[in-house]
Amino acid sequence: MTPHHRAPDDQDEPALLRDQFRQLLRYRSLLACGVAVGLLGGGYLALGGEDAYTATGEVLVRSAISDPFAAGSTADKGINIGSERQTAVSDTVGTLAAGTLLKAGDDVTARKLLTGLQVTNPPNTLTLRFSYTAATPEQARARAEALAGAYLAHRKARTEESIQNMSDGYRAQLGPLEEKRDLLEDQIEAGAEDDVSSARANIIVSISELSRKISELKALDTTPGYLNKKPVAPTSPTGPGLPLLLGLGGVVGLALGLLLSWVRLVFDPAVRSTRELVHSLGAPLLGTLPRERAAAGSLLAIGRGGSRLAEEYRAVAFRLAYDPSFAESRRLLVTAPRGDSAAAAAAAANLAAAFAEMGRDVLLVEADLRTPSLARDLGSAAHGTRPPRWAAGEGDGSWPTGGRTHVDVPGSGAFALIPGIAVDNVPRALTSPPVGRIVAEADRPGNVVIVLAPPVLSYADAVALVDRVEGVMIVCDPREVHRSDLERIREIIGASGGSVLGALLHPGRGRLRRARRRAKPARRRGGGGGPAAPADAPENTGDPTETLGLRTFTLPAARR
């Protein structure tokens, strides 16, 4: 066989991402719930919350300066805009603003007043932006203006207090100097020496310097700043509107849904991808059956024109035919992991029909002796006419020598069926010598033996047949089978001397079961044994490959 070159998994990151995204999309209900919760939350915030209005005023902060028009003088001398921002939201400013608002009839405490205030500083500016949010436009405007005015008044009072303190300090220094000056003047009038006159002159210079400083302080411009933008009443509510909140809610809800899907995916024991299935089972994926509306009472898809399901079965049969392990023994054991074996029965019957279509002599053995139903499910296609010459044999009437049924496949050929019957001791019947002789019929040139067994994890029947039928095909639903089940199947079959040839995936069987339940009463009402009423025809996709004939090939003989 031609070797297949695949890139290592660690280099196939785009494929891994696509695979993980497809796995998350499996939980569409969680995604839908997350989006619905997000939209409901956004709608509640938009419609259930109260409208809020925000008024904004801007204050330019400046420091006290003696001559604002002098060259080189700046208004930002000694201003720390971060400290000023903290002062603007302090309790002192809030108390002053609350007193101003109380005079206007707005009785609000300083702490409650400050809860709606936000003071920001645009970058590289000496501007403080006062934004106040309230329930009404007029209330927002009045409170923003009161807070801005209270900040300016507080800053002006603080500057004037500093000037007054400095002036008082200079005056305190000036008093003793003046007293000393008067004393020295009295000494000079009394005929003192020249050194007294020199000391008096020095004191006069100091007094002049202190007087100059006091005069400069009194001449300072103590304007704390300017209200560049006066707050005005807003005309519309602030905050995002309904469309924006719904959009944000949808995005947040989608993120929540993805998170829930990821958590569900992490703790989901089911097979999450075909990559995991192949890794857990240790065998390739033979095919994936499409979902198709089957005809009522019909188990065989092969023989129905324009059936995508039949083409998939043919593809699986061709792949098995060219598999070296199967081509050497021409024996196939079809089983399911656990639960219902209806899908495995359909796969076994259709693969038998596909091999018969290739021109092979096929014997299908139903080894499900606990709930045998294959002959009934095949309906009118199975009848008791003369079996093929290679399948003829005589027995004592017990299974599997009790009889064989001839199954006609319209337009494809026929194959022999040994239907299962209920027996008292299933393990003894499955390990009896007649079973070995029947399975050995595959050693004849051109013969194929397919054995249908119960679920391998529910009963040990399939394990009892592995020593005779080495090749095993697992038919499972990827949404229901667990990774641990596949690993256990691989270990059981390997320990029993067999090998897993591959897996065949099928969609959920809920629709098929309901169709069968509806079809059975119809057959009972129609009279005994007659043909079932016509059902819905299978869908026709227009795929040209569905009209191609199936070529005949020769399987290689078993190597001895």
Side-chain angles (χ1 to χ4, degrees), residues 9 12 15-31 33 257-291 312 316 332-348 351 367-368 370-371 451-466 469-513:
D9 290 344
D12 199 13
L16 289 175
L17 291 176
R18 289 193 297 268
D19 189 37
Q20 292 176 1
F21 186 72
R22 283 194 295 267
Q23 293 173 23
L24 291 177
L25 292 181
R26 292 170 56 187
Y27 309 105
R28 295 182 179 87
S29 58
L30 291 177
L31 294 175
C33 289
L258 289 174
L259 176 61
L260 294 176
S261 299
W262 179 79
V263 173
R264 179 70 176 86
L265 182 65
V266 169
F267 293 99
D268 189 2
V271 175
R272 295 176 292 192
S273 64
T274 56
R275 186 190 301 267
E276 271 195 354
L277 184 141
V278 171
H279 177 74
S280 301
L281 191 60
L285 178 64
L286 297 177
T288 301
L289 301 179
R291 187 182 296 276
E312 185 64 25
V316 173
L332 179 65
L333 179 67
V334 181
T335 183
R338 63 172 73 247
D340 190 7
S341 60
L351 288 178
D368 187 354
R370 302 179 187 273
T371 57
V451 180
L452 173 64
V456 64
L457 296 180
S458 299
Y459 306 100
D461 301 356
V463 181
L465 296 168
V466 169
V469 186
E470 298 86 359
V472 181
M473 185 181 73
I474 305 299
V475 182
C476 59
D477 184 354
R479 295 172 300 179
E480 296 180 359
V481 66
H482 294 179
R483 297 185 295 274
S484 58
D485 292 344
L486 296 178
E487 294 172 356
R488 186 181 174 191
I489 289 173
R490 181 184 62 185
E491 295 174 356
I492 291 175
I493 294 177
S496 303
S499 63
V500 181
L501 298 181
L504 179 62
L505 304 183
H506 67 86
R509 292 290 171 176
R511 293 184 180 179
L512 182 59
R513 294 192 189 101

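Shown here are the salt bridge (charged side-chain N to carboxylate O under 4.0 Å, His left out) partners of R264, two or more places apart in sequence or in another chain: D268.
The two residues A367 and L465 come nearest to each other via the heavy atoms CB-CD1, 3.6 Å. Taking all atoms of both residues into account, the shortest heavy-atom contact from E312 to P290 is CB-CD, 4.0 Å. For the residue pair G339 and P455, the shortest heavy atom distance occurs at O-CG, 3.2 Å. Taking both residues in full, the closest heavy atoms of V334 and A347 are given as CG1-CB, 4.5 Å, listed atom of the first, atom of the second, then distance.
Atom SG of C476 and atom CG of L486 lie 6.0 Å apart (nearest 0.5 Å). Taken from CG in L505 to CG in L285, the straight-line distance is 5.0 Å, to the nearest 0.5 Å. Rounding to the nearest 0.5 angstrom, the gap separating the NE2 atom in H506 from the OG1 atom in T288 is 11.0 Å. The structure places CG of L25 at 11.0 Å from CG of L265, a figure rounded to the nearest 0.5 Å. The NE2 atom of H482 sits 13.0 Å away from atom CZ of R488, with the distance rounded to the nearest 0.5 Å. Considering CG of L24 and OG of S261, their distance stands at 6.0 Å, rounded to 0.5 Å.
T335 contributes a side-chain N or O that, together with a main-chain N or O of P454, makes up a donor-acceptor pair within less than 3.5 Å.
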Can you give me every donor-acceptor pair (side chain of residues 489-504, partner residue at least two apart or in another chain, under 3.5 Å) with its distance?
residue : atom : partner : partner atom : Å
R490    : NH1  : H279    : O            : 3.4
R490    : NH1  : S280    : O            : 3.4
S496    : OG   : I492    : O            : 2.8

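For CZ of R28, the number of neighbouring non-hydrogen atoms (other residues, nucleotides, ligands) closer than 6.0 Å is 12 at most.
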S341 vs D368, test: side-chain contact (heavy atoms from CB on, under 4.5 Å). Steps then yes/no. CA-CA 9 Å; S341 60; D368 187 354; 3.7 Å; yes

